[in-house]
Every structure is written in C-alpha cells, then in structure tokens.
Number of protein chains: 2
Amino acid sequence: MTTPRKPRGPYRKGLERRQQILRAALEVFSEHGERGSSLKEIADRVGMSQAGVLHYFDSREELLLAVLAERDALDVEATADVTSPGEAVARTAAHNARQRGLVDLFVTLSAAASDPEHPANAFFVRRYEALTESIEDGLRKAQERDTVRTDIRPDHMARMLLALSDGLQLQWLLNPGIDMSETIQAFNLMCLGPSGERDDATPETGSGDGA
Amino acid sequence: MTTPRKPRGPYRKGLERRQQILRAALEVFSEHGERGSSLKEIADRVGMSQAGVLHYFDSREELLLAVLAERDALDVEATADVTSPGEAVARTAAHNARQRGLVDLFVTLSAAASDPEHPANAFFVRRYEALTESIEDGLRKAQERDTVRTDIRPDHMARMLLALSDGLQLQWLLNPGIDMSETIQAFNLMCLGPSGERDDATPETGSGDGA
DNA sequence: GTCTATACCCGGATAGAC
DNA sequence: GTCTATCCGGGTATAGAC
C-alpha cells in the first residue's frame, strides 16, 4: 500500500499482461459461461500457453474472481448517469440486449454461485445486497416526491425490479424476440404516482429511449 | 402404443429400475446442478455401477431429458387446483421455498440451457412459451372481469410474473431470508382492479396462505 | 517470463466376462 | 442385467528447460 511512483520496466510489463489476460478471460467466460471455459482457450486468445496464464494468476479460481470484479467495475461506469431506479434498470436492459455473452455469463454464473461453496458466492451475495439497498433508497425518495405509488413497500419493489431484470434476461436468452426494456417500462408504469392520479388510459411516459 | 395387459417378469423389473434411477437422478441433479452431477454419483445412490445406469439410459443426456420431463410432470400435479395466475405463481413460490435442491436445478439448468446447443434448450424454450401463453390467457380473462388492471398488456404482465418468479428464486438462493411469495403478493396487488377502484390504503388481499 | 512436457484426476462411453 | 476393466477426452496444476 505504498503507492509506488512508477513501476520499473519488467514489473510494468507484468501488469499489462495481467490486464490483457483479464480482458481475454472476460470474453471467454462471456461466451461459454464459467464451467464451459478453460484456461487453454483464454491462453490461446491472448497468445500464450495455459501454463503462461497460470504464471499470472496461480489458479483458475483466482482468475474467475478477478474477472467478476472487473465486470462489476465496467457496470458501475455504464450506470453512472442514472435518473430513477426503474429507468436505470430499463436502460441497462436495453444495453444488455446487445451483449448476449455477458448476459449469459451473468445468468449462468449467478445461478451457479448460489451454491454457498462456489468461489463466487460471496461476490454475488454482496452484489445483490448492495443493489437492493441502492434501488430501495431511490424508490423511497421517489415515494416522498409522490412519483411512485406509496402503497407498496420500497424493499419489495426493489427486489421486484431486480428479479424482473434477471428473469427477463433468462427469457430473452431463450427467446431473443422478447423486448426486455419494453416490459420493464410497463412495470415502471405500474409503479407510478399516487394511487388516484392515474385514470384508465395512461399515455406513454416520456423517456422512451428506443429499447 | 398397444397398452400391453401386463409386462412379463423381467420386463417389469426393468421399468422399476428405470424409475428408481430417475428418482435418484432427480435428487442428484437437484443437489449439484447439471454440470456438477455425474453418472457415478447417481449410480452410487441407486446402488449400482456407472455402466449399469447406462444400460438403462444409453447416455447421460438421455437421462437428463428424462429427468426434466419427470420434474415437469410433478409440477403439473402441484398446480392443478389453481385460481388466478398471480395466485398460482405465489403459491408455487411458497412451495418451492421448501425444495432448495429443485430450485437450484431449475435456475442453473435453465440458465445453461439458454445456449441453443444445450440438450435441454428445446425443452425450456417450449416450456416458457407454454407458460407465458397460459398465464396470459388467465390474465386476459381477469381483465374482462375487471379483476386486473387493463392499462397493461397481458403478455407483458405474464412475462413479468414469470420473470419475477425466476428472479426471486435466484435472490432467494443467494439469501434465503427473503420471502418470495410475499413479494409476489405485493406484485399481485399492483395488478389489481380497474385503475380507479383502489384508494391509498388497500388492505391485505384475502388468500394469504402463509408463505 | 514463457514454453513444453507431464502428472494427475475425473467424466463418459464401450467391450467383454459372469 | 450387471459388473470390471479399459479407452479416451478434457481439465488443472506442476516441473523443468530455455
């Protein structure tokens, strides 16, 4: 933890290699899921041998966890300019619909990691905790502004949003014809305003950013 | 398809063995997911050798598909006496909360099967098609009775219900503290009646069958 | 730092004895 | 019908040369 000014030559090259491997691993895991991926293929993609990769990461498991952390960092970037929780989720859905590999990785891995023995279990448990809490906060504030109905508990709505997002990803993988973000927008409609405000024909809410 | 009166001795024993293996496989797949399960373990559990199991099923894949069909049949039984789609889903959630292994199998396998090359892909594609359609029908009828709000498309609501169910199962696997059916009941509340009918404080809907 | 070679393990499937 | 033995493929990890 001494924040070195500038790593010397050989050391720096090592770091670059690590990054390179990380990116390749992200790709490979994205395409085949965790269990379907091998060090060999990652190695091939970065142009070295399987043993070479293990020089940088020691074990496959270590690499997997590094990949997850990396993916999470990218995620945070992408959702930096969010507005309301519901919109954020819809936006992310639209974005994901262009990244089938990543969706697959996430769905597969989060399912596999539900086993407490899985190396990524702690990662996902924490992830959902954090996401739920953050969405819940956003919803609570919206309720105070009367932007969101107040007769449903915000923690329930938060879990619904996350579940909706995950579940739709699965449905979309099985049938790419379905429109994830359109469905989420419909849900957002159901979350609207104070109960009395809406009458039978509610027009489209503004912000319909494509899909 | 000639409905034989009564299979002779050796033949009958074979069928029993098959069933026995099927049950064991259901257990094992439930506990470890598809990729985590081996013929060896299934064989051990039923007290024979791996080769013995293959005498009845020829390949691992064949066994897997048989297990899925079996599970589906059990599912149909359990949801025979349904009332409204939303209630049915909530009920199933409550039931699932006592069968962690099965939930895990389902979540894991449906994710893995989203790959078009996966042996169970067709099974799951069809399954979701059928489920969506059936729920959609139920909702449409409820809308005609004004039991369900009419400003949301029934196909969207149907997909939401399924997604909600799947997504909550994942969240529950990661954190068994959350209450799946309570959350689904909250969603059902959001689907209620013609828009004007509800005022700010809606009391609990009846049918709160534990959880 | 990177490779080749190899040890080791585990899974599925097949052959052949009983 | 069931087992043992075996083959074969694939994976991770390690040893040791360069």
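Protein chains get the first letters and strands the later ones, always in sequence-line order, with residue 1 at the start of each.
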Partners meeting side-chain hydrogen bond (donor to acceptor under 3.5 Å, both in side chains) with [X] (sequence neighbours left out):
X: B:Q20; value: B:R17
X: A:R153; value: A:D155, B:E182
X: A:D44; value: A:K40

If the cut-off is 4.0 Å, is A:R17 near the phosphate of C:dT2, judged by side-chain N/O to OP1 or OP2?
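A:R17 to C:dT2 OP1/OP2: side-chain N or O found under 4.0 Å.
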Restricting to salt bridge (charged side-chain N to carboxylate O under 4.0 Å, His left out), what partner residues turn up for B:E31, sequence neighbours left out?
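By the salt bridge (charged side-chain N to carboxylate O under 4.0 Å, His left out) rule, B:E31 matches B:R45.
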Using the salt bridge (charged side-chain N to carboxylate O under 4.0 Å, His left out) criterion, which residues pair with A:D58? Sequence neighbours excluded.
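Salt bridge (charged side-chain N to carboxylate O under 4.0 Å, His left out) check on A:D58 returns nothing, list empty.
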All pairs passing ring pair (Phe, Tyr, Trp, His ring centres under 6.0 Å) where residues 33-63 of chain B contributes a residue, at least two apart:
none
Residues from residues 38-51 of chain A sitting under 4.0 Å of DNA chain C, heavy atoms only?
A:G47, A:M48, A:S49, A:A51
Expressed in angstrom and rounded to an integer, what is the separation of B:H32 atom NE2 from C:dC10 atom P?
14 Å
What donor-acceptor contacts under 3.5 angstrom involve side-chain atoms of residues 105-117 of chain B, with partners at least two apart or in another chain?
from   : atom 1 : to     : atom 2 : distance (Å)
B:T108 : OG1    : B:D104 : O      : 2.7
B:T108 : OG1    : B:D104 : OD1    : 3.4
B:S110 : OG     : B:F106 : O      : 2.7
B:S110 : OG     : B:V107 : O      : 3.2
B:S114 : OG     : A:D104 : OD2    : 3.3
B:S114 : OG     : B:A111 : O      : 2.6
B:D115 : OD1    : B:E117 : N      : 2.8

I'd like to know if the side chain of B:H156 pairs up with that of A:Q185 as donor and acceptor (distance under 3.5 Å, no hydrogens or angles considered).
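Result is no, nothing qualifies.
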Nucleic acid contacts of residues 52-66 of chain A, taken as heavy-atom distances under 4.0 Å to DNA chain D:
A:L54, A:S59, A:R60
